[in-house]
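Numbering of residues begins at 1 and proceeds along the displayed sequence. These numbers were taken from a predicted model, which means no experiment stands behind them.
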Amino acid sequence: MGSAALEILGLVLCLVGWGGLILACGLPMWQVTAFLDHNIVTAQTTWKGLWMSCVVQSTGHMQCKVYDSVLALSTEVQAARALTVSAVLLAFVALFVTLAGAQCTTCVAPGPAKARVALTGGVLYLLCGLLALVPLCWFANIVVREFYDPSVPVSQKYELGAALYIGWAATALLLVGGCLLCCGAWVCTGRPDLSFPVKYSAPRRPTATGDYDKKNYV
């Protein structure tokens, strides 16, 4: 039952991380305007994401524009799009593989093969977390490098947006959840006796006196 608990906990963490990764992919706050002057009152704030850019006025009005051309985007944005979407799709595949190999399902017969399927699901979640970590760190490195570059105008300097922090948190959940799934599956490898206990009792049969036999068979 301990390995089953690890699998359930790992799957829950991976699902939460998957949702956070989807949220980080869709949010336009990968880069936010950096305010380096001494003016407290700012007219507008600029957000830049993978799919659109937004301008938030000081009055609270926000206007967003989806990128018109994919080829006109920078290399890091195109790569971040491809890697993030690939990580989301890989997590979707890993969900079905994990459910097929989980001890609480009957898609695969209990035994070493079932444990190997669950182990494969955990490895896929680990790959998903590593795949999502690449564009997040790459994007953050570019933002930090341009922030400290004196040749970049102050008006074009940006800071790390909230989407990056959400993505890092989601990646951490995917990695931890994948490790728990692998640990739970590794315990069951070669141990076909480790599964959810199911008890069976033989039906009671009438005795010669007409009473039912009270012995239980487990």
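Cluster annotation: Val77 and Val144 are assigned to the same hydrophobic cluster (Ile/Leu/Val/Met/Phe/Trp/Tyr, side-chain heavy-atom contacts under 4.5 Å, transitive). Leu174 is not connected to Leu23 by any chain of hydrophobic side-chain contacts under 4.5 Å among Ile, Leu, Val, Met, Phe, Trp and Tyr, and they are in different clusters. The hydrophobic cluster containing Leu89 does not contain Leu124, counting ILVMFWY residues as joined when their side-chain heavy atoms lie under 4.5 angstrom apart, directly or transitively. Neither Val123 nor Leu180 shares a network with the other; the hydrophobic side chains, linked directly or stepwise wherever heavy atoms of I, L, V, M, F, W or Y lie under 4.5 Å apart, form separate groups for each. In the hydrophobic cluster analysis, where Ile, Leu, Val, Met, Phe, Trp and Tyr join through side-chain heavy atoms closer than 4.5 angstrom, Val56 is grouped apart from Val66.
With contacts defined as side-chain heavy-atom distances shorter than 4.5 Å, the pair Leu133/Trp168 qualifies. Between Leu126 and Leu175 the shortest side-chain heavy-atom distance falls below 4.5 Å. Between Met29 and Tyr165, the closest side-chain pair of non-hydrogen atoms is not below 4.5 Å. Looking at heavy atoms from C-beta onward, Glu76 lies out of side-chain contact with Trp30 at the 4.5 angstrom threshold. With contacts defined as side-chain heavy-atom distances shorter than 4.5 Å, the pair Leu99/Leu11 qualifies. Arg145 has its side chain within reach of Ile142: a pair of non-hydrogen atoms, C-beta onward, lies under 4.5 Å apart. Looking at heavy atoms from C-beta onward, Thr46 lies in side-chain contact with Tyr158 at the 4.5 angstrom threshold.
Contact detail for Ala87 and Leu21: the closest heavy-atom pair is CB-CD2, 3.8 Å. Closest approach of Trp51 and Cys25 over heavy atoms only: NE1-O, 2.9 Å. The shortest non-hydrogen separation linking Ile166 to Ala24 is CG2-CB, 4.2 Å. In terms of heavy atoms, Leu181 sits closest to Glu7 at CD2-O, 3.3 Å. The two residues Leu73 and Gln78 make their nearest non-hydrogen contact at O-NE2, 3.0 Å. Contact record, Ala115 with Ala185: O-CB, 3.4 Å, taken as the closest heavy-atom pair.
In this structure, Leu95 CG and Leu90 CG are separated by 11.5 Å, a value rounded to the nearest 0.5 Å. Between the CD atom in Gln31 and the CZ atom in Phe147 there is a gap of 12.5 Å [rounded to 0.5 Å]. Residue Leu160 holds its CG atom at 10.0 Å from CG of Asn141, rounded to the nearest 0.5 Å. Rounded to the nearest 0.5 Å, atoms OG (Ser86) and CG (Leu131) are 6.0 Å apart. In this structure, Leu130 CG and Thr171 OG1 are separated by 9.0 Å, a value rounded to the nearest 0.5 Å. In this structure, the separation between OG1 on Thr33 and NZ on Lys157 is 13.5 Å, given to the nearest 0.5 Å.
Using a 30° and 60° split on the angle between ring planes, Trp18 and Phe92 fall in the tilted class, from 30° to 60°.
Between the side chain of Lys48 and the backbone N or O of Val32, no donor-acceptor pair lies under 3.5 Å. In terms of modelled atom types and a separation under 3.5 Å, the side chain of Tyr125 and the main chain of Leu15 share no donor-acceptor contact.
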